[in-house]
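One-based numbering along the sequence shown. Side-chain atoms are counted along with the backbone in the values below, which use heavy atoms only and exclude waters and symmetry mates.
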Amino acid sequence: MTVCRSSCSVDCKSYDLPLGVCYSPPLLFPGDPQWGAGDVLDQCDAAAGILTRTLYSSSGGTCRGGGSPVQVPLDVCVGPFGPPRPSGSFQCLDTPGGEPRCGSPDPHLPISPRI
């Protein structure tokens, strides 16, 4: 996932996110204001060009309770997400180890590593 301050091209930052696994953004990216407190589950359908992001009110990477799914088109500038970077795009990538992830194929963008 790549998010930007303006028009998907200004002051961008990329995140390397797991697919098909519940995760807690505050645990992966402590102190990063881009994220809310709730858990997230991302699922990619590359053939359909869609990422389904389910947002949960739970925390700690448990994805408990009913989530709120949102479908987002891949490789398209979308938003608003909220400050500090309200626009962005999603890509589904395969890693050399075979673990699918949601990230940025652009090697020039800074990627926030998972902790």
Side-chain angles (χ1 to χ4, degrees):
M1 176 178 103
T2 301
V3 289
C4 305
R5 286 204 190 272
S6 175
S7 304
C8 290
S9 62
V10 176
D11 189 18
C12 298
K13 184 175 182 181
S14 287
Y15 294 88
D16 182 12
L17 304 169
L19 286 172
V21 177
C22 178
Y23 63 93
S24 169
L27 292 177
L28 291 180
F29 312 106
D32 189 329
Q34 186 66 46
W35 299 94
D39 292 333
V40 178
L41 174 64
D42 289 333
Q43 296 176 303
C44 185
D45 184 344
I50 299 215
L51 177 103
T52 300
R53 171 165 281 184
T54 304
L55 305 171
Y56 293 85
S57 60
S58 61
S59 61
T62 61
C63 289
R64 285 193 208 140
S68 300
V70 177
Q71 291 192 326
V72 182
L74 296 174
D75 301 312
V76 174
C77 184
V78 294
F81 303 125
R85 293 178 174 86
S87 64
S89 62
F90 294 81
Q91 301 81 26
C92 296
L93 308 170
D94 288 321
T95 61
E99 178 186 326
R101 62 186 178 88
C102 176
S104 171
D106 186 341
H108 304 299
L109 289 176
I111 294 180
S112 290
R114 288 185 259 169
I115 292 188

Measuring from atom OG1 of T2 to atom CD of Q91, what distance do you get when rounded to the nearest 0.5 angstrom?
4.5 Å

Can you confirm whether K13 sits close enough to D32 that some side-chain heavy atom of one is under 4.5 Å from a side-chain heavy atom of the other?
yes

Any side-chain heavy-atom pair of L17 and R53 under 4.5 Å
yes

Report the distance from atom SG of C92 to atom CG of L74, rounding to the nearest 0.5 Å.
4.5 Å

V21 with L27, same ILVMFWY side-chain cluster at under 4.5 Å
no

Minimal heavy-atom distance between G20 and Q43, with the atoms involved, is CA-CG, 4.4 Å

Approximate separation, where rounding is to 0.5 Å, of T54 OG1 and D39 CG:
11.5 Å

Closest contact, heavy atoms only, S87 versus C77
CB-SG, 4.2 Å

Indicate the ring-plane relationship of F29 and W35, choosing parallel, tilted or perpendicular according to the 30° and 60° boundaries.
parallel

Atom CG in L41, atom OH in Y56: separation rounded to 0.5 Å?
5.0 Å

Of all the heavy-atom pairs spanning G82 and Q34, show the shortest one and how long it is.
O-NE2, 3.9 Å

Are V70 and Y15 joined in one hydrophobic group, where the rule is that I, L, V, M, F, W and Y side chains link up if heavy atoms are under 4.5 Å apart?
yes

Pairwise side-chain contact, V78 with P73, heavy-atom cut-off 4.5 Å (strictly under):
yes

Tell me which one of L19, D45, D75 satisfies side chain to side chain contact (heavy atoms under 4.5 Å, CB included) with L51.
L19

Do you know the tightest heavy-atom contact between C4 and C8?
SG-C, 3.4 Å

Has the side chain of R85 got a donor or acceptor atom that lies under 3.5 Å from a matching backbone atom of D11?
yes

Whether the side chain of S24 engages the backbone of S59 through a donor-acceptor N/O pair (distance < 3.5 Å, no angle test) should be reported.
no

Hey, are the side chains of L55 and V40 touching, using non-hydrogen atoms and a 4.5 Å cut-off?
yes

